[in-house]
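Naming convention: chains lettered A, B, ... in sequence-line order (proteins, then strands); numbering from 1 in each chain. Because only heavy atoms are used, hydrogens play no part in the values below, and waters and symmetry mates are left out as well, while side chains stay in.
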Amino acid sequence: MNTNTEKKTEYTFKAPRGTEDILPEKWALWRRLEEVGRQEFELCGYYEIRTPVFEDTRLFIRSIGEATDIVEKEMYTFSDSEDSSITMRPESTAPVMRAYLEYELYKTKKFQKFYYIGPQFRKERPQAGRLRQFHQMGIEAVGASDPLLDVETISIAARIFDRIDLNGYKVKINSIGCEKCRPVFRNILKEKLCEHEKSLCELCQSRLNRNVFRILDCKNEKCKAISHHMPSINDYLCVECQVHAKVVRESLLEIGIPYIVDAHLVRGLDYYTKTVYEITHSSLGARDAICAGGRYDNLISDMGGPSIGSVGFAIGMEATILALKNVMSKSKTVSQEVSTPAPSIYIVSIGEETKKQCFYLLNLLRKSNLSADFDYEGRSPKAQMRTANKLGVKYVIVLGPDELARGDVKIKIMETSEEISLKQNDVLKWFLNKQSPSVSL
RNA sequence: GUGAGCGUAGCUCAGAUGGUUAGAGCAUUAGACUGUGGCUCUAAGGGUCGCGGGUUCGAAUCCCGUCGCUCACCCCA
């Protein structure tokens, strides 16, 4: 202990690197995104599921893939009191599938649609739109292989972005084939790339043996030039995958979702098959994806479940909000028109002896579902009025010694500065009458 | 893990070539006929100049280290 009593202990705590606090004034956009997401998901028949934020480490190794960066170096892993290994979830697809299998949900109904909203954890160096604790909202449509289902998921994401007024996003899609055709393509690609081995960047040279597909995604100019001349996976898809891709693309057109086929689009997670897609926003810079998803027909069987396919996506919420802010600051007309909740009535008390009655009134209003607040700091009437004004309340109730003696209150309508007197007993009735027309909407 | 840039009041930032008590705007609080808002005016509070060391008569300003933040790379939502 410090014996020097004069020395105050200095405050030194900080939110850990890569995490952020969403302060009250920042909440509006989050709310909007979350509410729109929920509505849209539920509109399309998806049900919310919440899984733990941590899971058995093996779940992620099994599903995401042992050789991926996520598993190799980005997971928050620790051991709990027993000798089992626990990992903070780096994504939510695997946990949702785990729940689906654990409760054998496929036995009651094979096809089920889930959505989730929540934090995810990845130990990476933070960067614009990328954090260590970040939030995703996503869907998983489990138990069907219909390509139209792939399209449904894309359309849901697109509609969410439309409804939050996020202009300027791009849908990129590709097919990465299945366990039948992908190995064939991988070998051909590898062969062809080996011819150019010395021209590839160092990293890509090592990728030749580890993950050939990733080379197609490399941003190095030389690698780009080389991969430009490489064959496209689209030319090597098996008939089944070809048909699948065709249906996806045609029906995207039919329902009016513009997209770009990006033959170089690959995914970082092992479990994808056939359709993969990504929605990006150009305002974001280097890390520009706001949504990523695709089909994973082997994940469930790989995890030891029945062999059924599924599709899903995850929307990166901070990336989306960042993009939304960029869009909003550009269009001057749509100034930060996002409402934060505030009470609509403020009660100004004057003098200690009136506080009790004010507090009684406050509770009366609140019990009737009217939003109201009052002063707990013992400040002057003027200061209380200032607070009321800052809060943007519509009405102020003033109750001082005079009113107390008469058994009434003054109600000030802030917009017009008009004041009226009311018996204390009539206050609630007065506000309820005011409320009812708007409530009936 | 690698590289670059930045680090001055709650916030946004000024503070050339080192020189007496570190500034502004916004925000906060209090006043302007002592029971009342928005505008205006006045005043006040608030800063170990990220931290540690060095150079110097003297450093927010130069050098080194360190921590933190940001952006980019790898990878990814």
Side-chain angles (χ1 to χ4, degrees), chain A residues 7-8 10 12 14-18 20 23 25 64 67-75 89-93 118-138 157 201-204 206-207 210-211 214 217-220 266-269 277-281 284-294 312-323 346-351 354 375 377 379-404 409-419:
Chain A
K7 200 171 181 181
K8 273 195 197 166
E10 232 176 293
T12 51
K14 260 185 189 161
R17 159 175 283 189
E20 75 188 359
L23 269 19
E25 71 255 32
I64 297 172
T68 56
D69 274 36
I70 293 179
V71 169
E72 275 182 351
K73 52 185 195 191
E74 291 172 2
M75 298 205 303
R89 64 176 180 212
E91 55 100 48
S92 277
T93 297
Q120 320 288 337
F121 308 85
R122 250 117 108 162
K123 197 155 72 194
E124 299 176 287
R125 201 75 173 270
Q127 190 184 317
R130 186 172 81 182
L131 294 168
R132 289 181 168 188
Q133 177 178 348
F134 59 104
H135 298 78
Q136 290 185 329
M137 51 188 207
C201 71
E202 244 179 78
L203 197 73
C204 282
S206 74
R207 278 168 173 159
R210 307 192 68 202
N211 193 344
R214 178 79 355 100
D217 213 18
C218 185
K219 277 155 196 136
N220 181 296
V266 293
R267 306 266 71 227
L269 286 58
Y277 58 90
E278 199 170 277
I279 300 181
T280 60
H281 199 272
L284 287 181
R287 218 207 64 64
D288 61 355
I290 52 178
C291 172
F313 68 66
I315 288 174
M317 295 178 76
E318 20 290 274
T320 302
I321 283 165
L322 204 65
Y346 197 82
I347 303 179
V348 171
S349 69
I350 301 161
T354 64
D375 169 69
E377 296 174 280
R379 309 211 304 159
S380 69
K382 191 196 192 91
Q384 292 183 54
M385 286 301 293
R386 269 204 285 264
T387 302
N389 184 58
K390 233 173 287 166
L391 288 172
V393 302
K394 283 181 88 169
Y395 306 99
V396 165
I397 298 175
V398 181
L399 206 172
D402 299 352
E403 287 80 6
L404 194 64
V409 299
K410 269 186 203 147
I411 292 180
K412 180 161 187 172
I413 298 152
M414 294 299 271
E415 208 174 337
T416 59
S417 295
E418 181 193 354
E419 280 191 344

* Work out which heavy atom in A:Ile70 is nearest to a heavy atom in A:Pro90; give both atom names and the distance. => CG2-CB, 3.8 Å
* Asked: Yes or no on side chain to side chain contact (heavy atoms under 4.5 Å, CB included) for A:Asp375 and A:Val348, after CA distance, side-chain angles and deciding distance?
  -> CA-CA 7 Å; A:Asp375 169 69; A:Val348 171; over 6 Å; no
* Phosphate oxygens OP1/OP2 of B:A72: is one of them under 4.0 Å from a side-chain N or O of A:Gln127? -> yes
* Could you check how far CZ of A:Arg89 sits from P of B:C76, rounded to whole Å? => 20 Å
* Structure fact -> Rounded to whole Å, the CD1-C1' distance (A:Ile413 to B:U36) equals 15 Å
* How many Å lie between CD1 on A:Ile411 and C1' on B:U36, as a whole number? -> 15 Å
* Asked: P atom, B:G54 versus B:A60: distance in rounded Å?
  -> 14 Å
* Asked: How far, in whole Å, is B:C63 from B:A77 if one measures between their C1' atoms?
  -> 43 Å
* **Rounded distance (Å) that lies between atom C1' of B:U36 and atom CE of A:Met414** => 9 Å
* To do: Could you list the residues that satisfy ring-ring contact (aromatic ring centres under 6.0 Å, His included) with A:Phe134, not counting sequence neighbours?
  => none
* Pairwise C1' distance for B:A24 and B:A9, with rounding to whole Å -> 11 Å
* To do: Would you mind building the protein contact string for nucleotides 27-35 of chain B? One character per nucleotide, 5' to 3', B for base within reach (heavy atoms under 4.0 Å), S for sugar-phosphate only, - for untouched.
  => -SSS----B
* Structure fact -> Closest to the 5' end of RNA chain B, once A:Ala15 and A:Gln136 are matched to their nearest nucleotides, is A:Ala15
* Could you tell me the separation between the CD atom of A:Gln133 and the C1' atom of B:C76, rounded to a whole number of Å? => 17 Å
* **P spacing across the pair B:C6 / B:G47, given as an integer number of angstrom** => 27 Å
* Asked: Reading nucleotides 3-11 of chain B 5' to 3', which nucleotides get B (base under 4.0 Å from a protein heavy atom), which S (sugar-phosphate only), which -?
  -> ---------
* Between A:Arg132 (side chain) and A:Glu124 (backbone), is there a donor-acceptor pair under 3.5 Å? -> yes
* To do: Looking at every strand, decide which applies to A:Gly129 at a 4.0 Å heavy-atom threshold: base, sugar-phosphate, or nothing.
  => base
* Residue pair A:Arg125 / A:Arg17: nearest heavy atoms and the distance that separates them -> NE-NH1, 3.6 Å
* Mind listing the closest non-hydrogen atom pair of A:Gly129 and A:Arg287 along with its distance? => O-NE, 3.3 Å
* Same-atom distance (C1') from B:U8 to B:G50, integer angstrom -> 10 Å
* To do: Heavy atoms only: give me the nearest A:Ile279-A:Ala157 pair and the separation to one decimal.
  => CD1-CB, 3.7 Å
* To do: Looking at every strand, decide which applies to A:Ala388 at a 4.0 Å heavy-atom threshold: base, sugar-phosphate, or nothing.
  => nothing
* Can a side chain N or O of A:Gln384 be found less than 4.0 Å away from OP1 or OP2 on B:G37? -> no
* Rounded off to whole Å, could you give me the CG-to-P distance for the A:Leu131 and B:A72 pair? => 12 Å
* Structure fact -> With the side chain defined as heavy atoms from C-beta on, A:Met385 is closest, among B:A77, B:C74, B:G37, to B:G37
* Could you state the CD-P distance from A:Glu318 to B:U70, rounded to the nearest angstrom? -> 13 Å
* When we call it a touch if two heavy atoms are under 4.0 Å apart, what does A:Lys412 touch: a base, just sugar-phosphate, or nothing? -> base
* Asked: Say you pick atom P in B:G37 and the same atom in B:A30; how far apart are they, in whole Å?
  -> 13 Å
* To do: Compare every heavy atom of A:Pro119 with every heavy atom of A:Gln133, then report the nearest pair and how far apart it is.
  => NE2-CB, 3.3 Å
* No-H, no-angle donor-acceptor pair, A:Asn389 side chain to B:G38 base, under 3.5 Å -> no
* To do: Test A:Ile397 against A:Tyr346 for side chain to side chain contact (heavy atoms under 4.5 Å, CB included), laying out the working first.
  => CA-CA 6 Å; A:Ile397 298 175; A:Tyr346 197 82; over 6 Å; no
* Structure fact -> When A:Lys14 and A:Lys73 are each assigned the nearest nucleotide of RNA chain B, the 5'-most assignment goes to A:Lys14
* Can you check side chain to side chain contact (heavy atoms under 4.5 Å, CB included) on A:Lys394 and A:Met414, steps first, answer last? -> CA-CA 6 Å; A:Lys394 283 181 88 169; A:Met414 294 299 271; 6.0 Å; no
N/O donor-acceptor pairs under 3.5 Å from side chains in residues 313-322 of chain A, not counting sequence neighbours:
residue  : atom : partner  : partner atom : Å
A:Glu318 : OE1  : A:His135 : ND1          : 3.1
A:Glu318 : OE2  : A:His135 : N            : 2.6
A:Thr320 : OG1  : A:Gly316 : O            : 2.7

* Structure fact -> Looking only at heavy atoms, the pair that brings A:Glu403 and A:Gly400 closest together is OE1-N, 2.9 Å
Name each donor-acceptor pair under 3.5 Å that joins a side chain in residues 379-392 of chain A to protein atoms two or more places apart or in another chain, with its distance.
residue  : atom : partner  : partner atom : Å
A:Arg379 : NH2  : A:Ala383 : O            : 3.3
A:Arg379 : NH2  : A:Thr387 : OG1          : 2.8
A:Ser380 : OG   : A:Ala383 : N            : 3.1
A:Gln384 : OE1  : A:Ser349 : N            : 3.1
A:Gln384 : NE2  : A:Ser349 : O            : 2.9
A:Gln384 : NE2  : A:Arg379 : O            : 2.9
A:Thr387 : OG1  : A:Ala383 : O            : 3.0

* To do: Just call it for A:Ala319: base, sugar-phosphate, or nothing, with non-hydrogen atoms closer than 4.0 Å on any strand.
  => nothing
* What integer number of Å spans the P atoms of B:G5 and B:C62? -> 14 Å
* Between B:U42 and B:G7, how far is it from one P atom to the other, in whole Å? -> 32 Å
* Starting from P on B:C76, measure out to CD on A:Glu91 and report it in whole angstrom. => 12 Å
* To do: Please map the stems of RNA chain B, keeping only stretches of three or more Watson-Crick or G-U wobble pairs with both distances under 3.5 angstrom.
  => B:1-7 with B:67-73, B:10-13 with B:23-26, B:28-32 with B:40-44, B:50-54 with B:62-66
